[in-house]
Amino acid sequence: MTGKRLFIDTSKCQACKACQAACQQWHSLEAEDTTFTGSYQNPPDMSGANLTIVKFTEIETGGKVKWLFFKDGCRHCQDPRCKPACPRKAIKRQTNGIVRIDPAKCDPMLCSSDPIYVDRPCQRHCMFKNGGGTGIPRWQYVKDGSPVQSKMWKCDLCYNRMNTSPEAMVLKASPFLSTDGKTKSALPACKVTCPPGAIKFGAADAMLTQANKRVNYLKTHGYPNANVYPADFPTHVIWVLVESPETYGLQVM
Amino acid sequence: MTRNLPRANELQPEPFVEMSEELAADTTAIPTGPIANGDLVRVTSARGYIEVKACVTKRFKPLNGVHQVGVIWHWGYMGLSKGDSGNVLTPFIGDANTRIPESKCFMVKIEKV
């Protein structure tokens, strides 16, 4: 596979949710008003204000409790079903694998006659509806009011950070830059901010090789159920899970 | 400063008390009934009480038959996200030599509000 790939190693994730905040900051999204629902997972699901969220799962096997973390978000499919579904041709797939919604063309009030906040074509045709919910794209979040000019939002792998000069980055988000001001500029905001280094970004094939290597390591070091997700479905975002995808409540292709 | 950042408040909006599933279901220890995840509960010590949400989790287990709860401390009466402070419950005493407050371990009562 050509292009870039985001590789998320959930065995290293410590669920600090820094990726959530960094994503929100880079995309200049407004924070949601949330309440405590009994889990550390907050907000409970992805939304127009949270293009990525960390999902928490507790399981108990053989008297041992495991706390599983999963950084959810768009998978950037090699063959995205949302792209042909969009009647306004707002969804593009770049040559480096990034699938993004062009906000200039997207208009959810024109693409369907359904009332506001009802599933749009890109949501309905999304391959990854975890738990039978809506697809990955979400309605723009507008605090205290109804959206007049709303858009659909999803992870765009920070396409606008690629090929951005370090000087321009300093103006927008200086904390994301390394001291030399160069090496980190072409990386997604979640990858740069991840404190344990659980998120990696690079050439697609190299990332898959790294993921398989990590799975082999985990299998011999106390995680016999480790696997690469999604298996047998080419995407530009891959995970290494320590338990089966069903345990996380994920859809298996 | 923490509770004045909207993005930090979004990630963890309210104070909570963590308890085991065994304690939440134990109606002898909590006569006001079994506690469900996200219920509002009152935590009372000899010094005062706070009302916080319950986080019923598998990660807490009774130790040798003694139930434990954990209360986070980071809230107060100021900021965008207000809530009861864990300092209300803690004893106002400490070790004079090491200057460490003895606020780590004491008895509390849990009630459903």
Side-chain angles (χ1 to χ4, degrees), chain A residues 14-69 71 141-144 173 175-176 189-190 193 195 243 247, chain B residues 1-25 33-43 50-64 68-75 79-86 110 112-113:
Chain A
Q14 59 184 19
C16 60
K17 302 196 261 192
C19 48
Q20 269 181 238
C23 174
Q24 214 173 42
Q25 187 178 350
W26 176 254
H27 292 92
S28 305
L29 300 167
E30 201 170 4
E32 274 183 78
D33 285 328
T34 53
T35 54
F36 184 73
T37 53
S39 165
Y40 281 37
Q41 182 178 323
N42 225 325
D45 201 1
M46 280 184 287
S47 69
N50 286 277
L51 312 180
T52 181
I53 64 158
V54 179
K55 293 192 167 174
F56 293 69
T57 317
E58 284 174 17
I59 56 158
E60 198 168 359
T61 44
K64 281 196 170 182
V65 175
K66 274 184 188 167
W67 207 9
L68 307 174
F69 312 128
K71 177 194 174 294
Y141 176 79
V142 180
K143 205 172 191 171
D144 307 327
F176 293 139
C190 56
T193 200
E243 293 290 334
T247 317
Chain B
M1 192 183 88
T2 316
R3 303 254 67 84
N4 284 307
L5 298 170
R7 284 181 184 130
N9 290 344
E10 178 197 36
L11 300 178
Q12 195 52 267
E14 287 171 86
F16 57 91
V17 51
E18 281 189 317
M19 64 182 78
S20 64
E21 289 174 339
E22 289 84 352
L23 173 61
I35 291 170
N37 219 353
D39 276 356
L40 193 66
V41 295
R42 179 179 295 175
V43 186
I50 59 172
E51 284 179 359
V52 289
K53 293 274 184 80
C55 177
V56 182
T57 168
K58 290 179 178 22
R59 288 171 285 116
F60 256 77
K61 297 282 177 203
L63 186 67
N64 298 332
Q68 301 174 76
V69 296
V71 175
I72 48 166
W73 159 78
H74 307 83
W75 267 262
L80 291 177
S81 166
K82 298 183 184 69
D84 288 348
S85 167
I110 303 277
K112 196 171 166 179
V113 178

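Here is how names work: the chains are called A, B, and so on, in the same order as the sequence lines, proteins then strands, and each is numbered from 1.
Under 3.5 Å, the side chains of B:T57 and A:E58 contain a donor-acceptor pair of N or O atoms. There is a side-chain donor-acceptor pair under 3.5 Å between A:Q24 and B:E10.
For the residue pair B:P6 and A:A31, the shortest heavy atom distance occurs at O-CB, 3.5 Å. The minimum heavy-atom distance between B:E14 and A:F36, with the atom names listed, is OE2-N, 2.7 Å. Taking each heavy atom of B:C55 and A:G38 in turn, the nearest pair found is SG-O, 3.7 Å.
For the pair A:V65/B:K61, a side-chain contact is recorded, criterion being any heavy-atom separation below 4.5 Å from C-beta on. Side-chain contact between A:N42 and B:P13 is present, with heavy atoms from C-beta onward closer than 4.5 Å.
Heavy atoms from other residues, nucleotides or ligands lying under 6.0 Å from CH2 of A:W67 number more than 12.
Contacts of A:I53 with chain B are absent, with no heavy-atom separation under 4.5 Å from either backbone or side chain. If you measure heavy-atom distances from A:N50 to chain B, the contacts under 4.5 Å come from the side chain alone. In this structure, chain A has no heavy atom under 4.5 Å from any part of B:D39.
Heavy-atom pairs under 4.5 Å with chain B were tallied for A:T35, A:V54, A:T37; the largest tally goes to A:T35.
Panel note: side chain B:K58, backbone A:E60; no donor-acceptor pair is recorded below 3.5 Å.
For the pair B:R59 and A:Y40, the distance from NZ or CZ to the six-membered ring centre is under 6.0 Å and the angle to the ring normal is within 45 degrees.
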